[in-house]
Structures are given as structure tokens and as C-alpha cells.
Asker: 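Handing you a structure now.
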Amino acid sequence: MMVPAALLLLGALTAVFAPRLLARAEWPEREPVVALWVWQCVVGAVLLSFALSMLLSAAAAWLAVRGPLFAKAPHGVVDAYALGPTGGPWAAGTALALAGGGLWTGARLTREVLRARARRRARGAELLVRAPLLPGEDPAGARLVVLEGTRPDAWWLPGAAPQLVVTTAALGRLKGSQLDAVLAHEQGHAQARHDWLLHCSRALAGGFPQVPVFAAFEAEMHRLVELAADDVASRRFGRLTIALALVGLNEDRGVFGPYPSPQPHVSERVRRLLSAAPRLSAGRRLRLTALATLLPAVPLAVALTPGLSALT
């Protein structure tokens, strides 16, 4: 039972300390795309640690699981894991608790996706009422929809037929290439499928609100996807253009005032764009990406080391 316990401990330590280390780092704001990948690898490593611990705990507790799992392995491999005849008093409880967590995660993710689809269908139906298709317009094609509205706003409605929505107030507020920069920002969300990252992070944080890594994962996904989309737009139209567009869309919402704002990330995004901090070097970006990619390999190595050692 040492390997399942080690995997459980590895997952718990990663869930507690990884968010703290990433919160202290300054580079994620300069490289949001790399930071998104690092966060996904961290969460993947935590989930993989728990999944492997569940599998080996179940193998220790029940011969019906152990037999198929080690069916083709030499006898020495099974002995290397020291599972014991019954796996000890904690094996069954650990396996059941982790399996329950896995089922709960799947249920939360399914619920989140279904709710998002329902919201998307409702908003799509509302758009068709307010802005019906023109004669000859392809209903399955991407649309740019202009809605009458006194509040400047723009958003991307994902789906099989994605739609970019802009209000008339936004058209009047944005000058020059600022509207093009906003459109590029929203297209950056759609091309990178940021909606799926938000669904997964929301499901994990909602299902396990007391787990630090999942709560931080949700908060950082909301922030980093916006920074990444800002960078997509700024590479095409410049940092000043997208910063002025953000100010134009949000200056009436109180996000730049002296009091706490319900959207604090907007002022932070404008400050970041105007400060124009240089990107990391290509070598450092590559090293960070490679190190993050190796994180899920750590629980795999812990799980496979006893068996491989027995073979050698």
C-alpha cells in the first residue's frame, strides 16, 4: 500500500503548494499562453495522481480488480507493489472515496457543459429574434450581429455556428481600428476554445471548492484567457489600440474608479497593455513548457517504478 499512499500524498501536496508557487511568479502575466498550459499540466498531474492511487488501492482491496490489472505481469511485479492479501484496512475506503470523487467530477463537468449549451441556445434564439437572418444568409455560417443597445459591449457566442455580437453603442464608442481589435480579441477566444477551459475549471472548482488548486485554477483561467486574447489582438493592432478599446467599452461601468470593482481584471489588463512588459525569451518559454509537460509524468513514474524495478 505504499505506492497508493505516495500517489495520494503527491496529489495532495501538488494541490496545496502549486497554486502558491504560481501565485508568486511574475512571468504568467507576460506569457499567459504558457501559464495556461502550466495550469492545465498542474491540474492534470493532481487528477492523475488521484486516479492512479484509486486504481492501485482498488487492486489492493479486491482481487477482481487486481487480477485483470496484473494479468500479464510477472509474479515479481505484483510482489513489488506489496499489495498484500487484502490490501490493509484503508485500501477499500480509499478506492471508494477516490472513485466517488471521480464520478462527482464527471457529473459536475457534464452539468456545466449542459448548462452552457442551454444558455448558448437561449442566447442564440434571442439573437435570432432581435436580429433575424437576412434572405440568403447561411444559418450555419459565422455571423457578425449588430444589436441596438445603449451599453457598449461585444461578445463571442460559441457553438456550431459561432456569432460575434456588437452593440450599436460600442460601434459609436470605438474609433478607428479599436473595433477591429475587439473583434480580434473575441476571435482569439474562439480559436483557442477558451470556453472549454472555463467549463472544466468551473466544474472542478464547483465540485471541490475546498481544494486550493481547483479554486485557483478557475480564477486564473478567467484572468489568463483574457490576457491571452488581449495579446492576440495587440499583435495585430497594437497594445495602445486594444487598451483604448477596453477603456471605451468599460469606462461607464465604474471599473476605473477609486472603489472596488466587480471586474477588477479590466483595469489590470489596461495597465498591463500600457506597461508593455517584454515577453520572455524563446528559450525560457520552451523550458517552462517542457517542465510543465513533464509534471503529469511524475505520478506515472511513481506508479510504474516498483514494477519496472522488479523487471530489472
Side-chain angles (χ1 to χ4, degrees), residues 28-36 120 123-124 126-128 130-134 136-138 141-159 161-195 197-198 221-259 261-280 282 285:
E29 191 170 279
R30 296 164 62 184
E31 294 295 342
V33 174
V34 177
L36 284 170
R120 190 163 59 238
R123 296 183 74 179
E126 181 185 356
L127 284 179
L128 282 177
R130 298 181 63 184
L133 293 171
L134 298 174
E137 187 175 358
D138 182 9
R143 301 178 69 208
L144 173 60
V145 181
V146 179
L147 293 180
E148 287 284 346
T150 59
R151 182 178 183 177
D153 207 353
W155 68 92
W156 185 270
L157 187 63
Q163 301 176 83
L164 182 59
V165 186
V166 182
T167 63
T168 52
L171 294 178
R173 183 72 61 86
L174 301 175
K175 307 299 182 183
S177 58
Q178 293 176 16
L179 177 60
D180 293 327
V182 171
L183 301 184
H185 171 98
E186 298 301 333
Q187 288 169 348
H189 283 313
Q191 291 169 359
R193 300 307 305 267
H194 287 158
D195 54 321
L197 280 177
L198 296 177
M221 287 304 98
H222 282 278
R223 185 177 76 95
L224 291 172
V225 297
E226 295 299 336
L227 300 187
D230 285 344
D231 287 349
V232 170
S234 66
R235 281 194 287 269
R236 293 181 59 186
F237 300 99
R239 288 176 173 267
L240 181 60
T241 300
I242 187 64
L244 292 174
L246 283 172
V247 172
L249 290 175
N250 294 280
E251 62 182 345
D252 297 333
R253 303 181 187 182
V255 299
F256 301 109
Y259 303 105
S261 166
Q263 296 177 306
H265 290 163
V266 175
S267 58
E268 294 174 6
R269 288 163 59 193
V270 172
R271 174 192 55 76
R272 171 181 177 268
L273 288 165
L274 295 179
S275 65
R279 297 187 65 186
L280 301 180
R285 293 199 302 271

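The chain is numbered in sequence order, starting from 1.
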Asker: Rounded to the nearest 0.5 Å, what separates atom CG in Leu273 from atom CG in Leu240?
Answerer: 9.5 Å

Asker: Please indicate whether Arg223 has more than 12 foreign heavy atoms, meaning atoms of other residues, nucleotides or ligands, lying under 6.0 Å from its CZ.
Answerer: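 For Arg223, atom CZ is crowded (more than 12 foreign heavy atoms under 6.0 Å).
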
Asker: Under 3.5 Å, is there a donor-acceptor pair linking the side chains of His185 and Glu226?
Answerer: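 Side-chain D/A pair, His185 to Glu226: present.
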
Asker: Rounded to the nearest 0.5 Å, what separates atom CG in Leu174 from atom CG in Leu246?
Answerer: 9.5 Å

Asker: Work out which heavy atom in Ala181 is nearest to a heavy atom in Ile242; give both atom names and the distance.
Answerer: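 Between these two residues, the closest heavy atoms are O-CD1, 3.8 Å.
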
Asker: List the atom of Val182, the atom of Ala245, and the distance in Å for their closest heavy-atom pair.
Answerer: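 Looking at all heavy atoms of both residues, the closest pair is CG2-CB, 3.7 Å.
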
Asker: Could you walk me through whether Asp153 and Leu249 pass the side chain to side chain contact (heavy atoms under 4.5 Å, CB included) test, one step at a time?
Answerer: CA-CA 6 Å; Asp153 207 353; Leu249 290 175; 5.7 Å; no

Asker: Does Ser177 reach the main-chain N or O of Asp180 with its side chain, forming a donor-acceptor pair under 3.5 Å?
Answerer: no

Asker: What's the separation between atom CE in Met221 and atom CG in Leu36, rounded to the nearest 0.5 Å?
Answerer: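 So the gap between those two atoms works out to 5.0 Å.
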
Asker: Could you state the interatomic distance from CD (Glu268) to OG (Ser275), rounded to the nearest 0.5 Å?
Answerer: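 Taking CD in Glu268 and OG in Ser275, the distance rounds to 11.5 Å.
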
Asker: Quick one: CZ on Arg173 to NZ on Lys175, what's the gap to the nearest 0.5 Å?
Answerer: 9.0 Å

Asker: For the pair His189 and Asp195, evaluate side chain to side chain contact (heavy atoms under 4.5 Å, CB included) and give the outcome as yes or no after the intermediate values.
Answerer: CA-CA 8 Å; His189 283 313; Asp195 54 321; over 6 Å; no

Asker: Write down the atom of Trp156, the atom of Glu186, and the distance for their closest heavy-atom approach.
Answerer: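 Trp156 and Glu186 have their closest heavy atoms at N-OE1, 3.4 Å.
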
Asker: Could you report the tightest heavy-atom contact between Pro32 and Asp231, atom names first, then the distance?
Answerer: CG-OD2, 3.3 Å

Asker: Which heavy atom of Leu179 sits nearest a heavy atom of Leu171, and at what distance?
Answerer: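 Nearest pair, atom of Leu179 first, then Leu171: CD2-CD2, 3.4 Å.
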
Asker: Looking only at heavy atoms, which two atoms of Leu280 and Arg285 are closest? And how far apart?
Answerer: O-NH1, 2.6 Å

